Amino acid sequence: MKNVLFVLLLFVLAQLALAENTETYGWEGTQTILGNYGDIICTIDTDPIHGGSQSLKVVDDAASGTPQAYVAWVVGLSDGDQVTASFWRYDVTPAAAPSCRIWGGWNDDPGDIYNYGGSASGQSDYGPGTGWDLAEYTWTVEGGHTGLVIQVRTYSEAGDTVWVDDMTITAPEGAEIRTPDYDMALAPHTWAAIKATF
Ligand SMILES: [Ca+2]
């Protein structure tokens, strides 16, 4: 009987250690992105779609650089935590722009998505450019960062367009995953402001 309890205890502990939080977003509503870097125009579109009846259309409106659409924001992280994100991307220009990659930026203020803590790097592969392709990356939190902004990073010239659909974000239990339907009014303004109230 003791052995059975021991095995059960190990099982429960293993489950706790593996506890994860997953959120998905398919752009089926009206919300597009949480923020952006550079000149980029994001709208809901109905063709092409990967799942459901809508996708996110991402149009580069910059003369140069790699504008980014912020499609998710994970807060409440600590060193060693792993975050995996994926979305389906669409372009039909093999080995040429437009392309996009899944990318990350560290963020250390759960009240301000524009608190930039440096690049968290991301996917190296631009995809085949033959239609829908799953873009995926796993980040391991380091350097004391507490948040990660997940981005569609575009490689193109003004007017170039890619589409994104069916995003999945997995983070440890206890971290908060914010997708484009997150109400920014719920985000505390700054940690300093929170601390000041105590
Ligand atoms: Ca969709």
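The figures that follow rest on heavy atoms only: side chains count, while hydrogens, waters and symmetry mates do not. All values reported here derive from a predicted model rather than from experimental measurement.
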Following the transitive rule for hydrophobic clusters with a side-chain heavy-atom cut-off under 4.5 Å over Ile, Leu, Val, Met, Phe, Trp and Tyr, establish whether [X] and [Y] coincide in one cluster.
X: Leu148; Y: Val152; answer: yes
X: Val164; Y: Ile177; answer: yes
X: Ile169; Y: Leu186; answer: no
X: Val92; Y: Leu56; answer: no
X: Ile113; Y: Phe87; answer: no

Between [X] (side chain) and [Y] (backbone), is there a donor-acceptor pair under 3.5 Å?
X: Asn21; Y: Ala175; answer: yes
X: Gln68; Y: Thr66; answer: yes
X: Asn115; Y: Asp112; answer: no

- Per the side-chain hydrogen bond (donor to acceptor under 3.5 Å, both in side chains) rule, which among Thr138, Thr22, Thr24 passes with Thr170?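 It is Thr22, the one option of Thr138, Thr22, Thr24 that forms the side-chain hydrogen bond (donor to acceptor under 3.5 Å, both in side chains) with Thr170.
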Contacts of type ring pair (Phe, Tyr, Trp, His ring centres under 6.0 Å), residue [X], not counting sequence neighbours:
X: Tyr25; answer: Trp27
X: His145; answer: Trp106
X: Tyr126; answer: Tyr155

Any idea which heavy atoms bring [X] and [Y] closest together, and the distance?
X: Pro98; Y: Val162; value: CB-CG1, 4.0 Å
X: Asp60; Y: Pro67; value: OD1-CG, 3.5 Å
X: Ala187; Y: Arg178; value: CB-NH1, 4.2 Å
X: His50; Y: Asp166; value: ND1-OD2, 2.7 Å
X: Gly26; Y: Asp165; value: O-OD1, 2.9 Å
X: Asp108; Y: Gly147; value: OD1-N, 4.2 Å

- Can you list the residues that meet the side-chain hydrogen bond (donor to acceptor under 3.5 Å, both in side chains) rule with Trp103, with sequence neighbours excluded?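 So Trp103 forms a side-chain hydrogen bond (donor to acceptor under 3.5 Å, both in side chains) with Ser119.
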Donor-acceptor pairs are to be reported for all side-chain atoms of residues 28-42 against protein atoms at under 3.5 Å, with residues two or more places apart or in another chain.
from: Glu28; atom 1: OE1; to: Ser53; atom 2: N; distance (Å): 2.9
from: Glu28; atom 1: OE1; to: Ser53; atom 2: OG; distance (Å): 3.3
from: Glu28; atom 1: OE2; to: Ser53; atom 2: N; distance (Å): 3.3
from: Glu28; atom 1: OE2; to: Gln54; atom 2: N; distance (Å): 3.1
from: Asn36; atom 1: ND2; to: Gly38; atom 2: O; distance (Å): 2.8

Using 0.5 Å steps for rounding, measure from the [atom1] atom of [X] to the [atom2] atom of [Y].
X: Glu136; Y: Thr168; atom1: CD; atom2: OG1; value: 8.5 Å
X: Met167; Y: Ser86; atom1: CE; atom2: OG; value: 9.0 Å
X: Asp160; Y: Asp61; atom1: CG; atom2: CG; value: 11.0 Å
X: Asp45; Y: Ser55; atom1: CG; atom2: OG; value: 5.0 Å
X: Asp133; Y: Asp125; atom1: CG; atom2: CG; value: 6.5 Å
X: Tyr137; Y: Ser124; atom1: OH; atom2: OG; value: 8.0 Å

- Message: What I'd like to find out is whether the side chain of Tyr70 reaches to under 4.5 Å of the side chain of Pro180, using heavy atoms alone.
- Response: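 Contact flag for Tyr70/Pro180 side chains = no.
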- Query: Where do Arg89 and Gln123 land on the side-chain hydrogen bond (donor to acceptor under 3.5 Å, both in side chains) test, with the steps shown first?
  - Reply: CA-CA 13 Å; Arg89 59 182 169 182; Gln123 185 183 35; 3.3 Å; yes
Review item, side-chain donor-acceptor pairs of residues 71-83, under 3.5 Å, at least two apart:
from: Trp73; atom 1: NE1; to: Asn107; atom 2: OD1; distance (Å): 3.3
from: Asp79; atom 1: OD1; to: Gly143; atom 2: N; distance (Å): 3.4
from: Asp79; atom 1: OD1; to: Gly144; atom 2: N; distance (Å): 2.8
from: Asp79; atom 1: OD2; to: Gly144; atom 2: N; distance (Å): 3.3
from: Asp81; atom 1: OD2; to: Ser78; atom 2: N; distance (Å): 3.0
from: Gln82; atom 1: NE2; to: Thr140; atom 2: OG1; distance (Å): 3.0

- Task: Run the ring-centre check on Trp88 versus Tyr90 and record whether the distance is less than 6.0 Å.
- Result: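 Distance test on ring centres: not under 6.0 Å, no.
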